[in-house]
S.K.: 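Attaching a single structure in structure tokens format; questions to follow.
Count residues from 1 along the sequence.
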Amino acid sequence: MDISNKEKITDERFEISLLTNFINDEADEMAHCMKNILNGQYETVINDELPSNLLKTLSNSDDFYKIVNDSIENEDTRNLWFRVGVASLLYFIQCNWTGPEVNKDIKWLQVRRENAFKDLSLHDECNTNVKMPELLYFSKIIFSNKCLQNTYQSCIWWLFRVKLLHQCILNENSGVIFNEAEELISEINNSSLLKHLYCKTLFYIEAAQFYFYYRRIQQSEKYVELAIETAKLNLKLEGLLGKRTKYQQEDKAQLFLNVELGKNKFPSKNCEHLPKSLDLNDEVRLERIQFSENTQSIQLGSIEEAIILAKYIQLQLSQPKDKLTDEELKPYLTAVIDSTKNWCLKMASFYYRCVLESTDKRAIERSMMQMEYLIHELKDTKVSVTNRMDMFFASGIKPIWVLEQMWAQLMLSLGLVKGALDVFLKLELWEQVIACYNILELKHKAAEIIRQELSKKPTVQLWCLLGDATQDPIHYETAWKLSNEKSSRAQKHWGFFYFAKKDYEEAIPHLKLSVELNNIQENVWLRLGFAALETENWKLAVTAYKRYCALEQSTFEAWNNLAKGYIKLGDKEKAWKSLQDAIKCNYDRWQIWDNLMVVSIDLGHFSEVIRCYHRILDLKNHHLDIQILDILTNAVLNNVNDSEGNSIQKLLPKILELFGRITSFVHNNSDVWQMYGQLTALKKTDIDDEKAAQYLQQAYRAAVSDSKWFQREESTIKTLQLCCTLAEMYLHCASNSEVKKKRTLLASAKLPLQSVAKKVKDQEWNNEQIFTHLQKIEEYLSTIVTELEQVKLQN
């Protein structure tokens, strides 16, 4: 075998061509040494590149890992190992993602299959539908070699790709893989390969795809925006007139994605025989929006289209799930479906459209048929392997078994239970199988089929599912022991069993152990947090919800509960920040605004209190919180400083605006009108003084509207205090008024004071506080009567 220096891959261009699956016309030398990889002949490379005596040793030796690494140490064969590693990974992708179907094993590598499953499982088992896992295992060993990484810059990029595919074949998200991949992302960011704009943009999209898998919203958004910036793309949703239905007479505004490109598009390849979009065949809807204006956009390359698709996924993850959001996202998907000539992007965009339409009654049938069509496309041999591999890592295309699972779920949604059951059985998706048997009222079959599978090959998953089906926790213990006490899944099912029975004390140890073994399980953290709240373990609740919110940032209930935990621990500042995050997740939930308002008033964030109250009124139309209003009023009356040291009196106009809004629907609450009057008086103008008197008069009417107010101690004291305030305000207004107006004001003050004094005296209260206030009322009354006499004399 020719392993001369001429064949070594030392030129960066060669590495870039392998990374991008793209050959430059001038790279004849590269095409000679790597044409088999770039033409999709992966099996040939794996079988023929390495010396036959080495293959024989690898096939027979027990120390496979050592032999591979020792051979890579030899500089003369290092370039061969690099090519074999790439070919092995791409062949694995062909077997499990892109097709066409591979039925022939690599014989010398097949003997490593059991070791591969064991190494890749990470204690939580690989998906049983994975084909030829030894290929991934082999490429993982190769690209993990430090000598190879020091020789080829792109080696760590390939290892990063291995990590993502490794995660995709596991049944549970792995914190180990996540942390290792993040370290690789950091290294690749510093690689000179990213000096090439195409590579830089491609890497940013791939990094975003990695974070999409783990639902890391902030990190994925960062890399999508970096890709957009590097590609000089401008994506803008615009409204254009058009028709959506067959019977629509007038054009109406429809959303359209306007794409602008600030430079020449990146080079790309076109693929023939692309998958086709199936018709909607709806009686009302048009197949596509008919715009009245020309919507022909600029021609884009595959990488620009991959960015648009990535933007769609990022928005879908970060936006609330509702019909309005779907309408805003569709233009991104439509732009890729309509324009792309790339096989992977076409397949991926159709998949995402099927998911989007799976909840649309008018489109779900098309969604199911389109998914079935995509599965058949994977088996079709018209499209070459190399075309299928183009842009694979940037597309977000799903494994074959995920497409089949989605197809079965769509069938189930349409009531085709037996058809769905057949697919679930084939994919060994036992949880879905159990659900189907329950729908068919064959519950006994669920436990029966799990036991049948256990007799063939016991697995942690099967023992856990048997525990779920029989509600016997002994099976979770069996699963735990089978995993050598390392399976987070076994502890998760065990904890969920007790959680469902509301036995939170028993559930907590299992849930805690599960997240200790695998710390990126959102659903386990969420239940652990709730169980801790229920058992009043506030510290654990905060830890659990804090971790959950770091993983899944769009769940307002979790932020709300995190705030509750902080409040119980006495850390209101952190509670306030958590509630701010809760609002970002659900802007239309009045309860969160109410919680934020309460914490804000405690911390002196008075402007936030006003904002919260207004938002609650926007959502509820009617909301009355006397305690909040009372604290706010007293803070103004006592000139308290807010959390930033500013006087609250600066907020007086906004507080009065809030009271004006509240009193528009609250007509008979004495407290509200009294506070409104007291605050209005602070403006100290003649007009505002008169308004304040009117508001206090309204407060008095509300107070005495209860015919038994004078029979209760509390209401008697409140009414007497109100009358004192009322008397003061009327006397103040009268002092600056002309004679006629003064007489009217004093008369208005005299009547309520006389009435209140008489009713209180008739009760013969033996209460010092009542007696003191009554005395003041009589003094005010005496003053008012005297001033009225003087006014009469002036006339």
S.K.: Can you confirm whether Phe665 is buried at CZ, in the sense that more than 12 heavy atoms of other residues, nucleotides or ligands lie under 6.0 Å from that atom?
M.R.: yes
S.K.: For Lys330, enumerate each residue passing the side chain to side chain donor-acceptor pair (under 3.5 Å) test, keeping only those at least two apart in sequence or located in another chain.
M.R.: Glu327
S.K.: Flag the pair Lys577 and Asp571 as a salt bridge only when some basic side-chain nitrogen lies within less than 4.0 angstrom of an acidic carboxylate oxygen.
M.R.: no
S.K.: With sequence neighbours excluded, tell me which residues meet ring pair (Phe, Tyr, Trp, His ring centres under 6.0 Å) with Tyr504.
M.R.: Phe499, Phe530
S.K.: Residues two or more places apart in sequence or in another chain: which of them pass ring pair (Phe, Tyr, Trp, His ring centres under 6.0 Å) with Trp593?
M.R.: Tyr587
S.K.: Counting only pairs under 3.5 Å, give me each side-chain donor-acceptor contact of residues 594-609, with atom names and distances, residues two or more places apart or in other chains.
M.R.:
residue, atom, partner, partner atom, Å
Asn595, ND2, Asn560, OD1, 3.0
Ser600, OG, Trp576, NE1, 2.8
Ser600, OG, Leu596, O, 2.7
Asp602, OD2, Lys572, NZ, 2.9
His605, ND1, Ser643, OG, 2.9
Glu608, OE1, Arg611, NE, 3.1
Glu608, OE2, Gln580, NE2, 3.0
Glu608, OE2, Arg611, NE, 3.4
Glu608, OE2, Arg611, NH2, 2.8

S.K.: Indicate yes or no: does Lys759 engage Asp762 in a salt bridge with an N to O separation below 4.0 Å.
M.R.: no
S.K.: Among residues at least two apart in sequence or on other chains, which ones pass ring pair (Phe, Tyr, Trp, His ring centres under 6.0 Å) with His510?
M.R.: Trp494, Tyr498
S.K.: Do you know which two heavy atoms are closest between Ile308 and Tyr332, and how far apart they sit?
M.R.: CG2-O, 3.5 Å
S.K.: Would you say Gln678's side chain and Thr633's backbone share a donor-acceptor pair under 3.5 angstrom?
M.R.: no
S.K.: Just checking, any donor-acceptor pair under 3.5 angstrom between side chains of Lys620 and His623?
M.R.: yes
S.K.: Any chance CD1 of Ile687 has more than 12 other-residue heavy atoms, nucleotides or ligands included, within less than 6.0 Å?
M.R.: no
S.K.: Is the closest basic N to carboxylate O distance between Arg661 and Asp618 below 4.0 Å?
M.R.: yes
S.K.: Just by distance, no angles: are the side chains of Asn639 and Ser647 close enough, under 3.5 Å, to form a donor-acceptor pair?
M.R.: yes
S.K.: Determine yes or no for a side-chain-to-main-chain donor-acceptor pair under 3.5 angstrom, with Ser670 supplying the side chain and Ala699 the backbone.
M.R.: yes
S.K.: Charged N to carboxylate O below 4.0 Å: is that the case for Lys311 and Glu221?
M.R.: no
S.K.: Quick test of your reading of the model: are Glu536 and Lys568 salt-bridged, counting only N-O distances below 4.0 Å?
M.R.: no
S.K.: Regarding Tyr223 and Gln314, do their side chains bring together a donor and an acceptor under 3.5 Å, going by distance alone?
M.R.: no
S.K.: In terms of side-chain geometry, is the basic nitrogen of Lys683 or Asp689 positioned less than 4.0 Å from the acidic oxygen of its partner?
M.R.: no
S.K.: Do Glu552 and Tyr548 have a side chain donor and acceptor closer than 3.5 Å?
M.R.: no
S.K.: Sequence neighbours excluded, which residues qualify as ring pair (Phe, Tyr, Trp, His ring centres under 6.0 Å) partners of Tyr700?
M.R.: none
S.K.: To the nearest 0.5 Å, what is the distance between SG (Cys733) and CG (Asp686)?
M.R.: 8.0 Å
S.K.: Between Asp581 and Ser578, is any side-chain donor less than 3.5 angstrom from a side-chain acceptor?
M.R.: no
